Each structure stands twice: as C-alpha cells, then as structure tokens.
K.L.:
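Take a look at this one; I'll ask things after.
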Amino acid sequence: MTEAYLYDAVRTPFGRFGGALAGTRPDDLAALVLGEQVRRAPELDPATIDEVVLGNANGAGEENRNVARMATLLAGLPVDIPGTTVNRLCGSSLDAAIIASRQIDAGEADVVLVGGVESMSRAPWVLPKTEKPYPAGDLTLASTTLGWRLVNPRMDSAWTVSLGEATELLAEKHGITRERMDEFASTSHQRTQQAWDEGFYDDLTVRVPGTELTRDESVRASSTVAKLGGLKTVFRKENGTVTAGNASPLNDGASAALLGSEQAAELTGLQPLARIAGRGAAANEPQYFGYAPVEAANLALRRAGITWDDVAAVELNEAFAAQSLACIDAWGIDPGIVNRHGGAIAIGHPLGASGTRVLGTLAKSLQSSGARWGVAAICIGVGQGLAVVLENQNV
C-alpha cells in the first residue's frame with residue numbers, strides 16, 4: 001500500500017449569516033477554492049487530477065446536483081475529472097479527505113482535490129409534498145439552514161432535540177459550567193484575532209471576488225468573559241448555559257485541500273506537509289453528538305500507533321464551547337495545545353467546509369511549530385465524530 005499526504009490547503013474567509021458572502025452561490029464558492037488549489041500547485045497538470053471529493057451538509061439548494069461535479073466544471077477543470085459529494089453533516093469535508101486518503105492508500109489515485117462548502121445564508125426553505133393533491137389546510141415551509149427538519153415520527157424524540165438543547169444535556173452530564181464556556185469562547189476570539197494579526201491565515205485563505213471580505217467575519221476581539229457572561233441563554237430560559245456567544249455562529253464559506261501519494265510531489269511541484277497517519281469515525285447517542293469526537297480521536301491515534309502523550313497540536317471544531325470542553329476533559333490533554341490559532345466560535349462553522357478547514361489549519365500549525373504529531377477532530381449532528389492524525393513531514 002502507498003501512503004496519503006496533505007500537500008496544501010486553502011479556504012475562503014468565512015462570512016456571517018446574511019453577511020459578506022451571502023450574495024455568492026455555494027457552487028461558486030466551491031469552484032473558487034478548487035481553482036485556487038490548482039493554481040497554487042505550480043507543476044500540476046489538471047488532467048492528472050484523479051478525482052474531486054467535496055463535503056456538503058445541506059444539498060437542498062444551489063449546491064444540489066452533486067456540488068463536487070458542478071464546482072469542478074465551474075472551475076474550468078477538465079470534464080473527465082469525476083467528482084462526488086459527501087454528506088456526513090458537519091464532518092462532511094473531513095470525511096471527503098478521509099475517503100480520498102483511502103483511495104490513495106489503495107493505489108487508486110495519486111492526486112485528489114478535496115474540500116467542502118456551505119452557504120447557510122442561501123439554504124432554502126422547503127415545502128414537503130403532500131400525500132394527496134390539493135390539501136385543504138395550511139402547509140408549513142421548513143428551513144434547511146441547520147438542524148432537524150421533516151423528522152420521521154418514528155424517530156425517538158430524545159434523539160431529535162435541537163443542537164442547543166443537546167449541548168445543554170451534554171453540559172449537565174459532564175459538569176461544564178457557563179463560566180468555563182464563556183472563558184473558552186473569549187479565548188477563541190482572542191486567539192483568532194491574534195492569528196489574523198500575525199499573518200497566520202494569510203496563505204491559508206483566498207478572497208472571494210466581488211466581496212471585500214479579507215478576514216473571518218464573525219471574529220469579535222472585544223468578546224470578553226464579562227461581556228459574554230451578560231448574554232441571555234438561548235435554548236433554556238431557566239438554568240441554561242448555552243448562548244449565542246459560546247456557540248459557533250451560522251456561516252458561509254468553502255475550503256479545499258490537495259491530497260496525494262508520494263508521486264504527487266513530482267506531479268504538483270509541491271512537497272508534502274503532512275502524512276495522513278490515522279483515521280477514526282465513531283458514533284454514540286444522537287443527543288450527545290458533541291462527545292463523539294472523543295472515541296473518534298482515540299481510535300485514530302491507535303491506528304497511527306501513537307498516544308495523546310505524543311500529540312503537540314489539536315484542531316477541534318468548536319461547534320459549542322461545552323462540547324469542546326467535554327472532549328478536552330475526556331482526552332485529559334493540555335487545553336493550551338487545542339486551537340492555538342482560534343476556533344469555530346470565532347472563525348465560524350459553515351458546516352460542510354469546516355472539516356478541511358481544521359485539517360489545513362492543523363497542517364499549518366505543525367509547520368509553524370515544528371511539532372511532529374497533530375489531531376484534527378470534529379463533532380457531527382445525530383451523534384457522530386471524525387478524527388484524523390497528521391504527521392508533520394518537515395521535522
């Protein structure tokens with residue numbers, strides 16, 4: 001078997017819901033990062049790209065009809081490059097990278113473009129078809145922006161609570177306090193702002209044409225613990241802990257990465273940044289979705305042949321501060337190695353784009369520090385988690 005490597009990664013700045021990227025179609029966002037990823041590989045002949053694999057969580061709007069294929073065509077890449085779209089909700093683009101790495105491991109591909117996209121601003125309302133024509137009563141549109149919709153009545157009601165209520169349940173179960181959540185959220189904003197100011201994200205991002213957005217739009221450097229502590233809880237009026245400030249916002253954006261075999265170095269003119277050393281997927285009760293990365297990361301580490309003692313950097317997608325803290329506590333790791341350059345509470349969480357965002361950030365973080373091992377992990381609605389272990393190739 002060959003081995004899979006991460007050669008490069010790029011993303012758009014992430015826009016706020018209804019913000020700077022709301023006027024851009026998701027298939028255009030995806031096409032942009034695919035085209036940019038090809039442009040950044042100086043010797044890559046697009047004809048040598050074996051496949052495009054993109055993640056998307058919605059699939060109900062302008063990203064329908066297999067957005068990977070649509071974005072490949074819109075990017076002007078050769079029409080004979082096949083494309084597939086993956087839906088594992090929030091983990092979709094990390095799953096795309098995992099799928100591509102398996103193709104490379106199996107010797108079925110040398111160069112694969114992966115990534116993900118989401119426009120939560122442009123997610124449509126949907127009207128389900130009626131069982132019989134011409135219903136007499138009113139019909140209700142369902143928003144496809146986030147969370148459960150058109151729920152099967154046979155589904156256990158304990159599983160179908162909102163993401164916010166699920167996080168409240170997780171916080172209760174693991175004793176995560178509101179104070180810790182707000183401190184974590186404030187740190188996310190401060191670290192993200194500092195990373196942008198220091199230029200960490202400059203070569204990881206590409207501006208979307210027709211917009212003036214050059215940084216992640218949801219960053220609020222003024223988000224202090226005191227200010228966050230004054231926000232009202234959203235999902236529980238009494239004894240609640242989850243607020244708009246200690247949860248990730250709704251966002252728009254796209255991300256991409258170039259994965260390849262050892263031979264891809266000659267094909268692309270790039271040197272590998274990191275080896276895909278371990279992969280893990282796990283599942284638990286849907287209402288405790290935020291905890292699923294715990295076992296996913298543990299499994300990925302076992303498959304990589306290392307332990308948490310070897311890990312120097314972790315990129316954990318911050319869906320909610322409470323679920324991030326629950327995972328960090330369960331791993332028993334130093335919180336200081338987690339999301340050193342900020343996280344999704346500040347950066348944003350455009351669902352399908354977040355997986356390769358954390359993977360690319362992890363690779364850059366390992367390059368910057370010179371550390372050898374890192375873990376990228378993400379929680380997924382309906383009770384799943386994914387994780388990837390990277391080994392820095394420049395140590």
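These numbers come from a predicted model, not from an experiment.
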K.L.:
With the side chain counted from C-beta on, respond yes when Ile104 and Leu259 share a heavy-atom pair under 4.5 Å apart, and no when they do not.
P.N.:
yes

K.L.:
Establish whether Ile337 and Trp308 are linked, either directly or via other cluster members, by ILVMFWY side-chain heavy-atom contacts under 4.5 Å.
P.N.:
yes

K.L.:
Do Glu3 and Ser261 have a side chain donor and acceptor closer than 3.5 Å?
P.N.:
no

K.L.:
For residues Trp196 and Asp216, is any side-chain donor paired with an opposing acceptor at under 3.5 Å?
P.N.:
yes

K.L.:
Do Val311 and Ile333 have side chains that get closer than 4.5 Å, going by heavy atoms?
P.N.:
no

K.L.:
Just wondering, do Asn394 and Gln271 contact through their side chains at under 4.5 Å, heavy atoms?
P.N.:
no

K.L.:
Might you confirm whether atom CG of Asn152 has over 12 heavy atoms from other residues, nucleotides or ligands at distances under 6.0 Å?
P.N.:
yes

K.L.:
Report, as yes or no, whether the 6.0 Å neighbourhood of atom CD on Glu172 holds more than 12 heavy atoms from other residues, nucleotides or ligands.
P.N.:
yes

K.L.:
What verdict does the side-chain contact (heavy atoms from CB on, under 4.5 Å) test give for Ser255 and Thr12, after you've listed the backbone C-alpha separation in whole Å, the side-chain angles of each residue and the deciding distance to 0.1 Å?
P.N.:
CA-CA 6 Å; Ser255 61; Thr12 67; over 6 Å; no

K.L.:
Going through the distances and angles, do Gln384 and Leu89 end up as a side-chain contact (heavy atoms from CB on, under 4.5 Å)?
P.N.:
CA-CA 9 Å; Gln384 297 192 81; Leu89 300 179; over 6 Å; no

K.L.:
Tell me if the CH2 atom of Trp159 is crowded by more than 12 foreign heavy atoms within 6.0 Å.
P.N.:
no

K.L.:
Report yes or no: is the cationic atom of Arg215 (NZ for Lys, CZ for Arg) closer than 6.0 Å to the six-membered ring centre of Phe14, at no more than 45° off its axis?
P.N.:
no

K.L.:
In terms of side-chain heavy atoms, does Glu198 have a donor or acceptor partner in Gln194 at a distance below 3.5 Å?
P.N.:
yes

K.L.:
Working note: Ile345 + His189, criterion side-chain contact (heavy atoms from CB on, under 4.5 Å); need CA distance, chi angles, decisive distance, verdict.
P.N.:
CA-CA 7 Å; Ile345 288 174; His189 283 280; 4.0 Å; yes

K.L.:
Just to verify, what does Leu299 make a side-chain contact (heavy atoms from CB on, under 4.5 Å) with, not counting sequence neighbours?
P.N.:
Glu295, Arg302, Arg303

K.L.:
Can you name the one residue among Leu250, Leu21, Asn58 that meets side-chain contact (heavy atoms from CB on, under 4.5 Å) with Met120?
P.N.:
Leu250

K.L.:
Do Val358 and Leu366 belong together in a cluster built from hydrophobic side chains that touch within less than 4.5 Å?
P.N.:
no

K.L.:
Parallel, tilted or perpendicular, judged at 30° and 60°: which one describes the rings of Phe320 and Phe235?
P.N.:
perpendicular

K.L.:
Under the salt bridge (Lys or Arg N to Asp or Glu O under 4.0 Å) rule, what do Asp182 and Lys227 come out as? Steps first, then yes or no, please.
P.N.:
CA-CA 9 Å; Asp182 289 343; Lys227 289 181 178 179; over 6 Å; no

K.L.:
Distance alone, cut at 3.5 Å: any donor-acceptor contact between the side chains of Glu168 and Thr241?
P.N.:
yes

K.L.:
On a heavy-atom basis, which atom in Thr72 and which in Ala68 lie closest, and how many Å separate them?
P.N.:
OG1-O, 2.6 Å

K.L.:
Would you please name every residue forming a ring-ring contact (aromatic ring centres under 6.0 Å, His included) with Phe17, sequence neighbours left out?
P.N.:
none

K.L.:
Within the structure provided, determine whether Pro13 and Thr214 are in side-chain contact (heavy-atom separation under 4.5 Å).
P.N.:
no

K.L.:
Spell out, yes or no, whether Leu163 and Leu325 are grouped together once hydrophobic residues are joined by side-chain heavy atoms under 4.5 Å, including indirect joins.
P.N.:
no

K.L.:
The test is side-chain contact (heavy atoms from CB on, under 4.5 Å); show your working for Thr2 and Glu262 and say whether it passes.
P.N.:
CA-CA 8 Å; Thr2 60; Glu262 282 190 51; over 6 Å; no

K.L.:
May I ask you to decide whether Arg16 forms a salt bridge with Asp252, counting only side-chain N to carboxylate O separations under 4.0 Å?
P.N.:
no

K.L.:
Contact between Leu359 and Leu390 at the side-chain level, heavy atoms closer than 4.5 Å - yes or no?
P.N.:
yes

K.L.:
If you define the side chain from C-beta out and look only at heavy atoms, does anything of Leu141 sit under 4.5 Å from Val126?
P.N.:
no

K.L.:
Shared ILVMFWY cluster between Trp331 and Ile176, side chains joined below 4.5 angstrom?
P.N.:
yes

K.L.:
Applying side-chain contact (heavy atoms from CB on, under 4.5 Å) between Val86 and each of Leu94, Asn56, Ile99, report the one that passes.
P.N.:
Ile99

K.L.:
Transitively linked via ILVMFWY side-chain contacts under 4.5 Å: Val117 with Met70?
P.N.:
no

K.L.:
Any non-hydrogen side-chain atom of His341 less than 4.5 Å from a side-chain atom of Arg191?
P.N.:
no

K.L.:
Can you tell me if Ser101 and Arg279 form a side-chain donor-acceptor pair at under 3.5 Å?
P.N.:
yes

K.L.:
With a 4.5 Å heavy-atom cut-off, do Arg11 and Val206 have their side chains touching?
P.N.:
no

K.L.:
Please say whether the positively charged group of Arg180, taken as NZ for Lys or CZ for Arg, lies over the ring of Phe184, i.e. under 6.0 angstrom from the six-membered ring centre and within 45 degrees of the axis.
P.N.:
no

K.L.:
Give a yes-or-no answer on whether the side chains of Ser119 and Ser121 include a donor-acceptor pair shorter than 3.5 Å.
P.N.:
no

K.L.:
So, Glu118 versus Asn251: side-chain donor-acceptor pair below 3.5 Å or not?
P.N.:
no

K.L.:
Apply side-chain hydrogen bond (donor to acceptor under 3.5 Å, both in side chains) to Gln37 and Asp8, showing your working.
P.N.:
CA-CA 8 Å; Gln37 191 64 91; Asp8 193 22; 2.7 Å; yes

K.L.:
For atom CD of Gln393, is the number of surrounding heavy atoms from other residues, nucleotides or ligands below 6.0 Å larger than 12?
P.N.:
yes

